[in-house]
Amino acid sequence: VITNPEKYFAFEAISGDQRKNLINLAKIITNMSNGALFGIKETHMMSFNSFVVETIPHMIDFLNYISSVFFFCFCFCFYMMSFNSFVVET
């Protein structure tokens, strides 16, 4: 969704520079979730390493939260409530 928004949303085509920026954003989010730093393969992204290091604890908290039983139950209940609103009783 991040790197190809016009496929999922009603956007006009994005420019090449905008797509590059979105791809770089996706790389940063991926590294945050993996706890990985940019290295020799992507030296142009190494300036984001300090941001990645600072946000890793927050990403771990977020991943723990969305994988918790509480969050699953919340999403399941929300899904069931929205599903039931579309059911037509006869």
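Nothing fancy with the numbering, it's 1 onward along the sequence. Since the model is a prediction, treat every value here as computed from it, not as a measurement.
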Taking it one step at a time, do Val52 and Met59 satisfy side-chain contact (heavy atoms from CB on, under 4.5 Å)?
-> CA-CA 9 Å; Val52 170; Met59 181 60 80; over 6 Å; no
Indicate, with yes or no, if Phe48 and Ile23 share a hydrophobic cluster defined by side-chain heavy-atom contacts under 4.5 Å among Ile, Leu, Val, Met, Phe, Trp and Tyr.
->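 No, separate clusters.
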Ile56 reachable from Leu63 in the ILVMFWY side-chain graph, under 4.5 Å edges |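 Leu63 clusters together with Ile56.
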Any side-chain heavy atom of Ile40 within less than 4.5 Å of one from Met46?
->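 No; the side chains remain at least 4.5 Å from each other.
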Taking the side chain from [X] and the backbone from [Y], do they hold a donor-acceptor pair closer than 3.5 Å?
| X | Y | result |
| --- | --- | --- |
| Ser15 | Gln18 | yes |
| Ser67 | Asn64 | yes |
| Asn49 | Leu37 | no |

Mind checking the [atom1]-[atom2] spacing from [X] to [Y]? Nearest 0.5 Å is all I need.
| X | Y | atom1 | atom2 | answer |
| --- | --- | --- | --- | --- |
| Ile29 | Leu25 | CD1 | CG | 4.0 Å |
| Leu22 | Lys27 | CG | NZ | 12.5 Å |
| Met45 | Phe51 | CE | CZ | 11.0 Å |
| Lys20 | Ile14 | NZ | CD1 | 12.5 Å |
| Ile28 | Phe38 | CD1 | CZ | 5.5 Å |

Locate the shortest heavy-atom distance separating Met32 from Thr55; write the atom from each residue and the value.
->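 Looks like CG-OG1, 3.4 Å.
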